[in-house]
2 protein chains.
Amino acid sequence: MCLTDKELSPVDYEHTCMIRGDGGRALRRILDQICNKWTLLVVATLDQGTLRFTDLHHQIPGISQRMLTLTLRNLERDGLITRTVHAEVPPRVEYALTATGKSLIPPALSLAKWAITHAPGIEAAREAHTQKN
Amino acid sequence: MCLTDKELSPVDYEHTCMIRGDGGRALRRILDQICNKWTLLVVATLDQGTLRFTDLHHQIPGISQRMLTLTLRNLERDGLITRTVHAEVPPRVEYALTATGKSLIPPALSLAKWAITHAPGIEAAREAHTQKN
DNA sequence: TCCCGATGGTTACCATCCGTAAGTGGCCAC
DNA sequence: GTGGCCACTTACGGATGGTAACCATCGGGA
């Protein structure tokens, strides 16, 4: 009832069902955190390895210092990255993915690939739709 | 430089790199739409097949009518779902995934699986972090 | 006749989030 | 003593999300 796609195993079936149901509320809390404007991008960028604040700021187009700070704090709180402060002048702060953070890379990639593949179609559909109105 | 994980192919390498770079801005527009509070949940629910407005409203825990309407409108605009109005009384409106919409299911599942797997760890990390402060 | 309920929304209003721009603090080079 | 580097932090305005109430249509029942 949940899935009709033959490629998906019973395990997937369970998991899709868990997206819904009342257990879904807790899950949604997690997904809301991960799926926000910048989190996936920061995680994907940190897949390179340890990076400093300004490195991240330069490599992620369009993020502000404020949003980078907030995103990094949330990721640290959730145990997806580590934050190491070196008591130097000028200050040096290094960010790196934890094991949990690294495990997020494949799903993030899969979503990014989807977006890249379908971006032209979506843009076209959006164009066509706004034309109609 | 982008990825160190051996499991990822050169194609993945390209794709990860495209998350960053200035092409990333257009991509981010797409991801922001998909990765918002409700979109993935609605798409996952519609994987069952054609559903009516109230079916969706009942099956998705916590969504309001307003947010459901807005989410469905966005999905329709982006060509991920179709909206069919039957001129009956009481009115009947049916929503179904398009081919593009269906193609989003595997990535969405993969992210949901990740969230389900790591939810306890993340909750624990969050607890521990708030304890410290 | 009058009211009710079902369906699929819309509107008003408020809280939270996001983005921009500017400021902070310590030290060092000029 | 002025400005720059680094990693933030603060102030403020606009966009986005959430809640609750309202709306329009029609058939059915009292």
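All heavy atoms count here, side chains included; hydrogens, waters and symmetry mates do not. In what follows, chains carry the letters A, B, and so on, assigned in the order in which the sequence lines appear, proteins first and then strands, with residues in each chain numbered from 1.
- Atom CG of B:Leu68 is separated from atom P of C:dG9 by 8 Å (rounded to the nearest Å).
- Rounded to whole Å, the distance from CD on B:Gln65 to C1' on D:dG17 is 16 Å.
- Atom CZ in B:Arg92 sits about 17 Å away from atom C1' in D:dG27, given to the nearest Å.
- Side chain of A:His57 to backbone of A:Phe53: no donor-acceptor contact under 3.5 angstrom is found.
- Here D:dA7 presents its P atom at 4 Å from CZ of A:Arg52, a figure rounded to the nearest Å.
- The shortest distance between side-chain heavy atoms of A:Val93 and A:His86 does not fall below 4.5 Å.
- Here A:Arg66 lies in heavy-atom contact (under 4.0 Å) with a base.
- Picking from D:dT19, C:dG9, D:dA7 the nucleotide with the shortest atom distance to the side chain of B:Ser64 gives D:dT19.
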Decide side chain to side chain donor-acceptor pair (under 3.5 Å) for A:Gln33 and A:Arg77; before the verdict, give the C-alpha distance in whole Å, the side-chain angles of both, and the deciding distance to 0.1 Å. CA-CA 11 Å; A:Gln33 293 282 335; A:Arg77 188 199 53 177; 3.3 Å; yes

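- Between A:Leu70 and B:Pro90, the residue anchored closer to the 5' end of DNA chain C is B:Pro90, taking for each the nucleotide with the nearest heavy atom.
- Between the NE2 atom of A:His57 and the C1' atom of C:dG19 there is a distance of 11 Å, rounded to whole Å.
- Distances shown here put a side-chain N or O of B:Arg83 below 4.0 Å from the OP1 or OP2 atom of C:dG9.
- Side-chain N/O atoms of A:Thr54 include none lying less than 4.0 angstrom from OP1 or OP2 on D:dC6.
- As a whole-Å value, the separation of A:Ile60 CD1 from C:dG19 P is 12 Å.
- In this structure, B:Asn36 places its CG atom 14 Å from C1' of D:dG18, rounding to the nearest Å.
- If you measure from atom NE2 of B:His86 to atom C1' of C:dG8, you get 13 Å, rounded to the nearest angstrom.
- The side chain of A:Lys37 places an N or O atom within less than 4.0 Å of a non-bridging phosphate oxygen (OP1 or OP2) of C:dG19.
- As judged by a 4.0 angstrom heavy-atom cut-off over every strand, B:Thr69 is placed among the base-contacting residues.
- For the pair B:Trp38 and D:dG17, the criterion of a side-chain N or O lying under 4.0 Å from OP1 or OP2 is not met.
- At distances below 3.5 Å, at least one donor-acceptor pair connects side-chain atoms of B:Thr69 with backbone N or O atoms of B:Gln65.
- Where A:Val89 and A:Met67 meet DNA chain C, the nucleotide closest to each residue was compared, and A:Met67 sits on the side nearer the 5' end.
- Of all the heavy atoms in A:Leu75 and A:Val42, the pair that sits closest is CD1-CG1, 3.7 Å.
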